[in-house]
Structures are given as C-alpha cells and as structure tokens.
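Below is one structure, written out as structure tokens; the observations come after it.
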Amino acid sequence: MSQTGRDKRQGAVKQITSHANPIVKEIKGLVAQRKHRSQSGLFVAEGLKLATDALEAGWEVRYLALGPEARENPVAQKAAATAKARGALILEVSTAVMSAMTRKDNPQMVVGVYEQKILDAKDIDPSGSTLWVALDRVRDPGNLGTIIRTVDAIGGSGVMLVGDCTDPFAVETVRATMGSLFHVPLARMSKDAFKSLAGTWPGTVAATHLKGSVDYRTPEYVEPVLLVMGNEQKGLEDDMAAACPTLIRIPQAGQADSLNLAVATGVALYEIRRKHLEL
C-alpha cells in the first residue's frame, strides 16, 4: 500500500470474541493459502519479537492481534501503541480466537498482519551491495527462512528467488527467518531475468554445482558477490550454471551424498565474507 493509502487509515482498537468475525477469517486465509497472500499483498508474522522487528524496520502493519497475556506486557503494549499510531487496527482477542487464527493450540501472544515487500530484477542495483544470494527453485520454507537469516547475519544485501520458489511470506518461512525477513531485501524473477542480471553483474558470480572444479575456499571473491544455489533435490539447472563464470564445490569426507541447502549456503557465505567478519 502507498504512503498516501496508509495515511488515510485511522488506527483503532477492536475487541473480537467470535471465530466467525470477517477479520479472523481473513487472517486464517492468510495463514493457510498462498493464493490469498498473493492476491491481498499481506502476510502474517507470529510473535512479539517479529512484531517489534517489523515496526522498528518500518514495515506497514495492517492488523496487530493481542492475546490476553499481551495486554499486561509493556513491550506488547508499546508495539500496539506504535502500530495504532501508524494506522493499524489493534485487535484484542481471546486465546481461543488467537488459536483459531493461527491454527495452534498454544499460540503466540501477538500476531501481526503486514504488507509484503518484494523487488523485481530491474530494482536491483549491485553498486553498493556486498553479497546477494540467488536461489533456483528453493522449495522448503525452512531452508529459505534459514538462508534469509544467514544472509542477514553475514551482512548480505539480499536474496533473489528465481523461478518457482516457495513463498517467502508463508508463516513457516517467516518464522524460520527469526525477524531477518524485515531486514533482508527479497527479489522475485524469472530464469531469463536472472541470467540477464548475472551477465552484467560487476563482481564475482559463483554457483555451487556438482560439476564445479573449484574449491569454494580458493576464489578471490570480488564484491558485489552473487552466490547462486540450486534446488534441494535437483541442484542448479545447467542453463543457470552456464550463466555463472565460477562453479564451486564444497568438499566432503564422509558418506553423506550432499549437504542440506541451507547448511551449504551458510558454509559458502561465511567463507566468502570471512575477511569482513570480526568478533
């Protein structure tokens, strides 16, 4: 929603006691259905920490639902006051209604509904960037959320979602980011758009690939770095790999045939950023 649209909304407080309330149904739909999230441009984040992170990062909040425990919590009350001042509707709900919205028997005390932010390939400006990770058809929400969190931890610039990827705004993905979703820019693009971007990338473009002949520890990674990772089951498609001048591989000594995608991405990221990270 635009700044103008946000300014027209007036913050308010509303008590909800019925599972049949239209807002409760809307939030349930956002939790359950990617189609509903895509059409509305909204998503759900559960928990007080994520609510605080989102507000501090300036994300637009549509609803902030408070369970009974939140009404006695000073941090939750401060978050509610901030959200209300920005035009959000504050929902005071029972534990039963909170459980109905989130499909949980033991729900969080705070649930927020926020407006999505997603970039296109044309919105990415490599100048001034440190490192972007491009993910080819990542399918597991936990993997995606963990990668977003790791990119945040190493001071990366963002994550590109290439092709048919899992929804970065699914509740499971958002939860796995532990709040990093609100600090790491995301971009969604087609394979062709990615290949065009990679072809003009000013720094190192490196991809992990089974045909990689370069130990991931040996390249001199020149910023901005573009690290490209493949699908969990099928790896990186050959035409995607062809767009990457450097094909790297992480050596293994045991019997495992591969590393988990999020683990492999984390291993590569910390090596690429090693000289920039200090205790």
Side-chain angles (χ1 to χ4, degrees), residues 1-34 36-37 39-117 141-142 145-146 148-149 152 167-184:
M1 177 172 289
S2 68
Q3 180 75 22
T4 301
R6 186 193 71 177
D7 289 345
K8 289 181 179 178
R9 291 207 311 266
Q10 297 296 315
V13 178
K14 181 181 179 68
Q15 291 187 338
I16 295 180
T17 58
S18 171
H19 296 195
N21 184 281
I23 297 176
V24 174
K25 291 183 177 180
E26 180 182 5
I27 295 174
K28 288 172 67 175
L30 292 171
V31 170
Q33 298 176 6
R34 181 172 187 169
H36 190 43
R37 293 191 294 272
Q39 290 177 343
S40 66
L42 302 173
F43 70 101
V44 173
E46 301 173 345
L48 180 55
K49 178 188 183 303
L50 268 63
T52 301
D53 287 345
L55 289 168
E56 289 179 350
W59 281 55
E60 302 288 353
V61 54
R62 182 71 58 87
Y63 305 123
L64 199 67
L66 308 179
E69 302 91 340
R71 292 164 216 168
E72 305 299 326
N73 184 299
V75 178
Q77 288 302 306
K78 181 179 178 181
T82 301
K84 182 174 178 288
R86 296 182 187 176
L89 181 59
I90 309 304
L91 310 174
E92 294 184 346
V93 303
S94 65
T95 300
V97 170
M98 190 74 87
S99 297
M101 288 193 297
T102 60
R103 302 184 300 179
K104 283 186 174 182
D105 294 332
N106 187 26
Q108 298 276 353
M109 72 169 74
V110 176
V111 170
V113 176
Y114 306 92
E115 298 182 10
Q116 297 180 18
K117 293 182 184 180
T146 301
I148 292 170
R149 183 179 178 184
D152 187 14
D167 185 5
F169 299 108
V171 170
E172 298 83 1
T173 310
V174 174
R175 186 184 304 127
T177 71
M178 290 294 291
S180 290
L181 174 74
F182 301 115
H183 306 291
V184 176

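The closest side-chain heavy-atom distance from Q77 to L66 is below 4.5 Å. Looking at heavy atoms from C-beta onward, L64 lies out of side-chain contact with L89 at the 4.5 angstrom threshold. Contact annotation: the side chain of K14 never approaches that of E92 to less than 4.5 Å [non-hydrogen atoms, C-beta and beyond]. At a threshold of 4.5 Å between non-hydrogen side-chain atoms, the residues T17 and V97 do not count as touching. Residues I27 and V113 are in side-chain contact: their nearest non-hydrogen atoms beyond the backbone lie under 4.5 Å apart. Inter-residue side-chain proximity for E56 and T52 is flagged as met; some heavy-atom pair is nearer than 4.5 Å. Between M109 and N73 the shortest side-chain heavy-atom distance falls below 4.5 Å. Side-chain contact check for F43 versus V174: some heavy-atom pair is nearer than 4.5 Å.
The distance from the NZ atom of K28 to the CD atom of Q33 is 11.0 Å, given to the nearest 0.5 Å. Taking CG of D152 as the start and OG1 of T177 as the end, the distance is 8.5 Å to the nearest 0.5 Å. If you take NE2 on H183 and CG on L181, they are separated by 9.0 Å, rounding to the nearest 0.5 Å. The distance from atom CD of E60 to atom CG of L42, rounded to the nearest 0.5 Å, is 11.0 Å. In this structure, T82 OG1 and L55 CG are separated by 6.0 Å, a value rounded to the nearest 0.5 Å. A distance of 8.5 Å separates CG of L30 from CD of Q116, quoted to the nearest 0.5 Å.
The two atoms that bring H19 and K25 nearest to each other are O-CG, 4.3 Å, heavy atoms only. The nearest pair of heavy atoms linking I90 to A80 is CD1-O, 3.5 Å. Across all non-hydrogen atoms, the minimal contact from M98 to A65 is CE-O, 3.6 Å. Shortest non-hydrogen contact noted between S18 and V24 is O-CG2, 3.8 Å. Across all non-hydrogen atoms, the minimal contact from P141 to E172 is CB-CB, 3.9 Å. Residues L50 and M178 approach most closely at CD1-C, 4.1 Å, considering heavy atoms.
In this structure, T146 has no side chain to side chain donor-acceptor pair (under 3.5 Å) partners at least two apart in sequence or on a different chain. Scored by the side chain to side chain donor-acceptor pair (under 3.5 Å) test, Q39 finds no partners at all (sequence neighbours excluded). Looking at residues two or more places apart in sequence or on another chain, you find a side chain to side chain donor-acceptor pair (under 3.5 Å) between R37 and D167.
Remark: E115 engages R62 in a salt bridge, criterion side-chain N to carboxylate O under 4.0 Å.
Between the R34 side chain and the F169 main chain, no donor and acceptor come within less than 3.5 Å of each other. Not one N or O on the side chain of W59 forms a donor-acceptor pair closer than 3.5 Å with the backbone of Y114.
Identified under the ring-ring contact (aromatic ring centres under 6.0 Å, His included) test for residues 63-111, with sequence neighbours left out: none. Listed by first then second residue, pairs satisfying side chain to side chain donor-acceptor pair (under 3.5 Å) with a partner in residues 93-111 read E46-K104, not counting sequence neighbours. Residue pairs satisfying the ring-ring contact (aromatic ring centres under 6.0 Å, His included) criterion with at least one member in residues 68-100, sequence neighbours excluded, are absent.
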Item checked: Trace of the side-chain contact (heavy atoms from CB on, under 4.5 Å) decision for M101 with I23 -> CA-CA 9 Å; M101 288 193 297; I23 297 176; 6.0 Å; no
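Atom NZ of K49 has more than 12 heavy atoms from other residues, nucleotides or ligands within 6.0 Å.
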